[in-house]
Number of protein chains: 2
Amino acid sequence: MSDAPPDRRPATAHDVAKAAGVSQSAVSRAFTPGASVSPATRERIVAAARALGYRPNLVARSLITGRANLIGVTVPANANPFYHAALNALTAAFARAGYGVLMFTSDPLRGSDPVLEEVLRYRVDALVLISTSLSSHFADECMNIGLPVVMFNRKTDSDAASSVTGQNREGARTIAAFLHAGRHKRYAYVAGLESSSTSRDREEGFFETLREKGVKAIERRVGQYTAAGAEEAVVSLLSASKPPDAIFCANDHMALAAISVARVRFGLNVGEDVSIVGFDDIDMARWPVFDLTTFSQPLDDMVRRAVAAVLDQLNGTLDTALHDEAPGRLIVRGSARKPRTGLATADDGALTWPMRG
Amino acid sequence: MSDAPPDRRPATAHDVAKAAGVSQSAVSRAFTPGASVSPATRERIVAAARALGYRPNLVARSLITGRANLIGVTVPANANPFYHAALNALTAAFARAGYGVLMFTSDPLRGSDPVLEEVLRYRVDALVLISTSLSSHFADECMNIGLPVVMFNRKTDSDAASSVTGQNREGARTIAAFLHAGRHKRYAYVAGLESSSTSRDREEGFFETLREKGVKAIERRVGQYTAAGAEEAVVSLLSASKPPDAIFCANDHMALAAISVARVRFGLNVGEDVSIVGFDDIDMARWPVFDLTTFSQPLDDMVRRAVAAVLDQLNGTLDTALHDEAPGRLIVRGSARKPRTGLATADDGALTWPMRG
DNA sequence: ATGAAAGCGCTAACAG
DNA sequence: CTGTTAGCGCTTTCAT
């Protein structure tokens, strides 16, 4: 009376073997790239497989090979276009390399260990942590079980995990020099998370260079890498009796929120009354309403390096942890007052400010 | 001379059993929530497990149970904060329900079948497609193998897949009525993708209501759901000799890009010279620079419904596909001229415009 | 080039 | 409550 049973078990290699009149191992070979099967049998097998809707079961394969063909990727739960662009690009790149991405969200405040503990149960082949910190305890454990770990846009001191970052310190130094050359008087830094090596490195580079230039007092707020946090920080900064005229936000996402608040809530002309600079060069940075001056982190390049690091470790090509820094550059737009000299147009038409040029 | 071998195989239940002096199945029980083990033995087993760094192998479990504890989720490759917020929320919600999320990116232009074919190889328990279309062929195939499919923010005609969307048609009708009550003269719609049921439903609702109000000519452009596409569409629209004074963009992401261009490239005062309305109510919509009037899609509610739909289908509680519409409301902000009457403040303080109020 | 057989690490009846 | 026994669907020797 009813249609075909909707819950019939998927076809197995055994079913296909029977249908094609071959052994089950022949079926396995037919679906294994470099295996030795005669074209004739392979064809018969493929035909039978198609007829039965057969799809090799990756779970069974994983059990034998010990590799699930899965990369665990964690990404902070809060919204940040840079993280998501990275996640998308990593997922696409790993798919091309034949790996699936098992995604998890990490709570920036609770630490990533509990999440990672979950991820390991899936027998992932490697771990990529996007802007997520790693306890040295956990890093060591991963090293012990031979699990490659690559931190993306973050670092650890431990040599148990590799990392791919932008030029945090150098970029921040460039930004400081750029703002100083732009004749700014009062500086402020809006940090991300205190626990973030990236935020700390950018802070150090920024402060270092400004100090070298003779700037003594630099304001500082913590924006937690969130829009709300950045808004609050900027309100606090700009409400002061002597507000800063140059604000460096630890990333673009916060910088965009900062521009929004400075312009609308304080009626300031961003780029003249106050300069705001970010870090990342996300897509929205170039939107006309923002036109953000920022130090770029080349996403595709960083993803390429991260995927290569994972694959090399998987192949055993890379035995020691590497700390890779993808080169960026200062993209000069309208959100910060420009220096009178030193600006240059790059090959791709972008206006930059080469630090030593 | 060297440290512990870094590539020793992970401990198995068998190893733990030997160490604890019990059978291997006892170990299995000790790690299965409702199984019958005496507290004493369980304790011994857990101790041995900890000592050996044992972690139950989910792959082996999956092979037996036939359920990988994995939900396949695809998300469009292009940047859109709404998709990513959805992905994050879905991932967190499924993690709470004990499922991992296997993420894939779908190329909006190439169709999702090849990607889904990949996903199925992992023996996922269900599929969630975020803003991705589904061929009816594939939907049928999933139905045949008993795989629950839930489309998020999209629909199919086929009853083979469930869907969770916002009130696309009603929302768009409300927007049309709102703009008409705001005494606008010339209307335009910026569509997303032609292949998107969501964009089509919004378009239909918008056009329908405007026609009912006696509006004849309505401009139309296609923004492909991308910022660049929306910018181009708006430039084209506003460059006309008689440009529209009311633009409805199929989603917030395009609406924000539209505001950016209208304000900076055309020097228009958005909300006075030209009204721009979106759909979604993403976080950035409330940013002071945008202050976007938009029809909300309640993300948490939609995610709750989607997860429930998946879980119910997995339990067999839900046998027929459901098409769930999460109720939204028009959030009135400053990017569109307001009608003189009909505005109301909701319980949570948001300014809304109840269509029939 | 092909088949037979032995597991991968675990769960799920079954006995006891 | 606990141990024994079969497999889950596939890859991988090892023969042939």
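Below, chain A is the first sequence line, B the second, and so on; all start at residue 1.
Rounded to whole Å, the distance from CZ on B/R67 to P on C/dT11 is 14 Å. For the pair B/Q24 CD and C/dT11 P, the computed distance is 8 Å after rounding to whole Å. Counting to the nearest Å, the C1' atom of C/dT11 and the CG atom of B/L63 are 10 Å from each other. Across the protein-nucleic acid pair, B/R121 atom CZ and D/dC10 atom C1' stand 12 Å apart, rounded to whole Å. As rounded to whole Å, 21 Å separates atom P of C/dG7 from atom CZ of A/R61.
Note: B/F94 and B/Y99 have perpendicular aromatic rings, judged against thresholds of 30 and 60 degrees for the angle between ring planes.
Which of D/dC8, D/dT4, D/dT12 sits closest to the side chain of B/I64 comes down to D/dC8. Nearest nucleotide to the side chain of B/S36, out of D/dG3, D/dT12, D/dC1: D/dC1. Closest to the side chain of B/S38, out of D/dC1, C/dG3, C/dA1, is D/dC1. Of the candidate nucleotides D/dT11, C/dT2, D/dC10, D/dT11 has the atom lying nearest to any side-chain atom of A/S28. The side chain of B/S25 lies closest to D/dG3 when the candidates are D/dC10, D/dG3, C/dT2.
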Which donor-acceptor pairs under 3.5 Å do the side chains of residues 50-57 of chain A make with protein atoms, sequence neighbours left out?
from, atom 1, to, atom 2, distance (Å)
A/R55, NH1, B/E117, OE2, 2.1
A/R55, NH2, B/E141, OE2, 2.8
A/N57, OD1, A/V59, N, 2.8
A/N57, OD1, A/A60, N, 3.4

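Comparing the axis of the opening five pairs of the helix from C/dA1-D/dT16 to C/dG16-D/dC1 with that of the closing five pairs yields an angle of 30°, rounded to 10°.
Contact annotation: side chain of B/R29 to base of D/dG3, donor-acceptor pair present below 3.5 Å.
Annotation: A/N315, atom CG; neighbour count of heavy atoms from other residues, nucleotides and ligands within 6.0 Å is above 12.
The residue A/T12 sits close only to the backbone: its heavy atoms come under 4.0 Å of sugar-phosphate atoms, none of a base. B/S62 comes within 4.0 angstrom of nothing in the nucleic acid, heavy atoms only. No engagement by B/F31 is indicated, since no non-hydrogen atom pair under 4.0 Å with the nucleic acid exists. Backbone-only contact: A/V22 has heavy atoms under 4.0 Å from sugar-phosphate atoms and none from a base.
When the side-chain nitrogen and oxygen atoms of B/T65 are compared with OP1 and OP2 of C/dC10, none of them lie within a distance under 4.0 Å.
Toward the 5′ end of DNA chain D lies the nearest nucleotide of B/A26, the other residue of the pair B/A26 and A/V59 mapping further downstream.
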